[in-house]
Amino acid sequence: MGVENRVAIITGSASGMGKDTAFMLAKNGAKVVINDIAEDKVDQTAKEMRDAGYDAIGIVADISNKAAVESMVSETVKTFGSIDILVNNAGMERAGALRKLSEADWDITLNVNLKGPFLCSQAVHGHMVEQNRGRIINIASRAWLGGMGQAPYSSAKAGMVGLTRTLALELGRKGVTSNCIAPGLILTPLWYELPEKTRNFLEAKQPSGSIGAGDDIANTVLYLADDDTGYVTGQVLYVCGGRSLFSG
């Protein structure tokens, strides 16, 4: 059954893994909502999708703002008639040693990475329960296991795992699944912003010997979004080339 004619919101999908995921779902027949905070990037990505023959709209919204999230979901339902798949992908990181991190670093990291998924999940909840069908897919990180210099980010991603499991328990009898993907190192624009020395160090720690691609995440989202994977819920699926197997 796949995702054909299902309606998907992918947050943070104007670039990177989110964009790859949007194209993957659309290629398999889903109607897609591109969301981000940068209007020019949202418009460009939505146009690329429509030019490729896919059914897509762009909605600019700050996912840490409840009113903006509710408006995004309402516009989605008004345009496409339903909301079947939510991919909580948007994320950011403020890294540094604990003593050097500011309260603002903590607040923005938790707002985007944890409050946003909570608000988005809450906003789609009623629609999914009413139609007795839905897929909530949270993009966490291997870092939820803990990471040096990642106190806000690791805490937020650990919270996302807890949110995933709670939603699975609350919504399981309503036909709605909730699952979590924990990526490791993925080739996104952020990867190339790292110093070459850092990239070499991180790649050397990979059991797979390589860094993942955006489609590694997109294909995993496609699997969890499929109509036929309704018996998979409350799970954390690592897509990290084995990096989650040790913490060194």
Verify same cluster id: Trp106, Phe118 (apolar side-chain graph, 4.5 Å): no
Residue list, side-chain contact (heavy atoms from CB on, under 4.5 Å) with Asp36, at least two apart or on another chain: Ala14, Val42
Residues, nucleotides or ligands: over 12 heavy atoms within 6.0 Å of Glu130 CD: no
Passing candidate, side chain to side chain contact (heavy atoms under 4.5 Å, CB included) with Ile63, options Thr11, Ile9, Asn113: Thr11
Qualifying residue for side chain to side chain contact (heavy atoms under 4.5 Å, CB included) with Ile181, from Thr21, Val236, Ile139, Asn89: Ile139
CD/Glu39: more than 12 non-hydrogen atoms of other groups inside 6.0 Å: no
side-chain hydrogen bond (donor to acceptor under 3.5 Å, both in side chains) partners of Asn138, counting only residues at least two apart: Asn88, Thr164
Results of salt bridge (Lys or Arg N to Asp or Glu O under 4.0 Å) for Asp20 - residues two or more places apart only: none
Those residues that, when tested against Ala38, pass side-chain contact (heavy atoms from CB on, under 4.5 Å) (two or more places apart): Asp40, Lys41
Asn179 vs Thr177 side-chain heavy atoms within contact, under 4.5 Å: yes
Within one Ile-Leu-Val-Met-Phe-Trp-Tyr cluster: Ile85 and Val239, side-chain cutoff 4.5 Å: yes
Partner residues of Lys27 under the side-chain hydrogen bond (donor to acceptor under 3.5 Å, both in side chains) criterion, sequence neighbours left out: none
Which atom of Ala61 lies closest to which atom of Asn35, heavy atoms considered: O-ND2, 3.2 Å
Shared hydrophobic cluster, Val87 / Val33 (ILVMFWY, side-chain heavy atoms < 4.5 Å): no
By side-chain contact (heavy atoms from CB on, under 4.5 Å) - contacts of Lys31 (at least two apart): Asn5, Val7, Asp55, Phe80
Residues that Tyr54 engages under side-chain hydrogen bond (donor to acceptor under 3.5 Å, both in side chains), provided they are two or more places apart: none
Student check: side-chain heavy atoms of Lys197 and Asn200 closer than 4.5 Å: no
Same cluster (ILVMFWY, side-chain, under 4.5 Å), Ile186 and Phe23: yes
side-chain contact (heavy atoms from CB on, under 4.5 Å) partners for Asn28, two or more places apart: Val3, Met24, Leu222
Ile37 CD1: over 12 foreign heavy atoms closer than 6.0 Å: no
Basic-acidic side-chain contact under 4.0 Å: Asp43, Lys47: no
Counterpart residues, side-chain hydrogen bond (donor to acceptor under 3.5 Å, both in side chains), relative to Glu75 (two or more places apart): none
All salt bridge (Lys or Arg N to Asp or Glu O under 4.0 Å) counterparts of Asp105, not counting sequence neighbours: Arg94
Residue list, salt bridge (Lys or Arg N to Asp or Glu O under 4.0 Å) with Glu70, at least two apart or on another chain: Lys66
Ser121 and Leu86, any side-chain heavy atoms less than 4.5 Å apart: yes
Pairing residues for Arg133 by the salt bridge (Lys or Arg N to Asp or Glu O under 4.0 Å) criterion, not counting sequence neighbours: Asp84
Ser102 OG to Ile108 CD1 distance, which is reported to the nearest 0.5 Å: 9.5 Å
